[in-house]
Amino acid sequence: MHKYSEMAGKALAFLCAGLVIVLTGAIIYFLGSKGLSTFFINGVSIKEFLLGTQWWPDRPPEQGGPVVGSFPFILGSVIVSLLAVCLSAPLSIIVAVFMVEIAPAWGQRLIQPAIELLAGIPSVVYGYIGLSVLVPFIRNEFGGQGFSILAGFLVLSVMILPTIISVSTDSLRALPEQWKHAAVALGSTRWQTIRMVLVPAARSGIITGVVLGLARAFGEALAVQMVIGNVRQVPSSILDPVITLTSAITMDMGYTIMGSLWNNALWSMALILLIMSFFFILVIRLVSRKGVVQ
């Protein structure tokens, strides 16, 4: 009986693993076939699509025909995501170090629920708070419409804090306790131990957390869409409105016809997001293979 139970459990495990692989392959095939249709069926050049700044997918032929340049969307996603990570990553690492090495037990019991609460807040709530508080503040204090890159990356930086903090905290806690004791025995202060021993030793996990936060920021749609203005143009300052890939997809997908150039161009932007996700996963794997100690 035990033998048959073990065989059944193994078969179920293989079935579940195979299902995950099949689903992943199906999604990749679907996005690939749809996204590449823009270039192989509609005849749009890759250079025109990636570097073009004009977006007129429904323009009639008598006015010059449709144009699908996604550069403003790609640039908006990259700018907002990188700025959010540049602001959030140092703050997250400092909080992680404080939780693991400095805060007393009661402090950790207060900070941990706060981080979990931040992680559990829905995206629409972040976006609505940004729309109600942050956008008017930027408009009154800095000028412009308020809907801007500044509002977008500030909202995103708060949203990705829990991801980077959690991964960085786990990486610091996983370090052997003997390393800290050895550094103290050699005469290092607590700050020198943190700066020269613990943080460098945990850098693989910390970088993994930063990359995961960047991936979360790059794929966020609703919260960013509510505060960035969604203007299809190349911005000249952080107070200008902008649009991202995810915002463009969610805004336009419901107005397109399956198989049209407009629809295929949106699938091509979804394919770009998938490729970026693969890139982030590759970076994480390369960092993880280097190990904890260099």
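- Annotation for Tyr128: atom OH does not count as buried by contact number, only 12 or fewer foreign heavy atoms lying within 6.0 Å.
- Closest of all the heavy-atom pairs between Ser247 and Thr250 is O-OG1, 3.0 Å.
- Taking a 4.5 Å side-chain heavy-atom cut-off between Ile, Leu, Val, Met, Phe, Trp and Tyr, the cluster of Leu19 extends to Leu23.
- Here CG of Leu214 is found 8.5 Å from CD1 of Ile164. Values are rounded to the nearest 0.5 Å.
- Here the CD atom belonging to Glu220 is positioned 5.5 Å from the CZ atom belonging to Arg216, to the nearest 0.5 angstrom.
- Ile74 is connected to Leu36 through a chain of hydrophobic side-chain contacts under 4.5 Å among Ile, Leu, Val, Met, Phe, Trp and Tyr, so both are in one cluster.
- When all heavy atoms of Pro66 and Pro57 are compared, the pair lying nearest together is CB-O, 3.3 Å.
- In this structure a side-chain-to-backbone donor-acceptor pair under 3.5 Å is present from Ser33 to Phe30.
- Considering Ile149, Ile79, Leu75 in turn, Ile149 is the only one that fulfils the side chain to side chain contact (heavy atoms under 4.5 Å, CB included) rule with Val242.
- For the salt bridge (charged side-chain N to carboxylate O under 4.0 Å, His left out) condition, the pairs that include at least one residue of residues 180-189, sequence neighbours left out, are Glu101-Lys180, Glu177-Lys180.
- Ser123 places no side-chain N or O within 3.5 Å of a backbone atom of Leu222 that could act as its donor or acceptor partner.
- Note that CG of Leu261 and CG of Asn42 are 4.5 Å apart. Values are rounded to the nearest 0.5 Å.
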Query raised in the report: Would Ile115 and Ile111 count as a side chain to side chain contact (heavy atoms under 4.5 Å, CB included) if you check the C-alpha gap in whole Å, the side-chain angles of each, and the deciding distance to 0.1 Å?
Result: CA-CA 6 Å; Ile115 296 173; Ile111 298 175; 3.7 Å; yes
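- One distance of note links CD1 of Ile102 with CD of Gln108; it measures 11.0 Å at 0.5 Å rounding.
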Report task. Kindly indicate, with the supporting measurements, whether the criterion side chain to side chain contact (heavy atoms under 4.5 Å, CB included) is fulfilled by Arg232 and Phe73. Result -> CA-CA 7 Å; Arg232 295 174 171 87; Phe73 311 126; 3.6 Å; yes
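- A 6.0 Å sphere centred on CE of Met196 holds no more than 12 heavy atoms belonging to other residues, nucleotides or ligands.
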Requested in this report: Under the side chain to side chain contact (heavy atoms under 4.5 Å, CB included) rule, what do Val227 and Leu134 come out as? Steps first, then yes or no, please.
Outcome: CA-CA 8 Å; Val227 298; Leu134 190 58; over 6 Å; no
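- Of the candidates Trp55, Phe39, Trp267, Phe39 is the only one forming a ring pair (Phe, Tyr, Trp, His ring centres under 6.0 Å) with Phe49.
- The CZ atom of Phe40 lies 12.5 Å from the CG atom of Asn264; values are rounded to the nearest 0.5 Å.
- Of all heavy-atom pairs spanning Leu175 and Ala202, the tightest one is CD1-CB, 4.0 Å.
- The heavy-atom pair separating Ser171 from Gly205 by the smallest distance is OG-CA, 3.0 Å.
- With values rounded to the nearest 0.5 angstrom, Ser70 atom OG is found 10.0 Å from Glu48 atom CD.
- At least one donor-acceptor pair under 3.5 Å links the side chain of Arg139 to the backbone N or O of Gln145.
- Atom CD of Gln192 sits in a crowded spot, with more than 12 heavy atoms from other residues, nucleotides or ligands closer than 6.0 Å.
- A donor-acceptor contact shorter than 3.5 Å is absent between the side chain of Ser157 and the backbone of Ala84.
- A donor-acceptor contact shorter than 3.5 Å is absent between the side chain of Ser188 and the backbone of Thr193.
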Report task. Starting from the C-alpha separation in whole Å, work towards a yes-or-no answer on side chain to side chain contact (heavy atoms under 4.5 Å, CB included) for Val97 and Leu172. Result -> CA-CA 8 Å; Val97 170; Leu172 289 169; 3.9 Å; yes
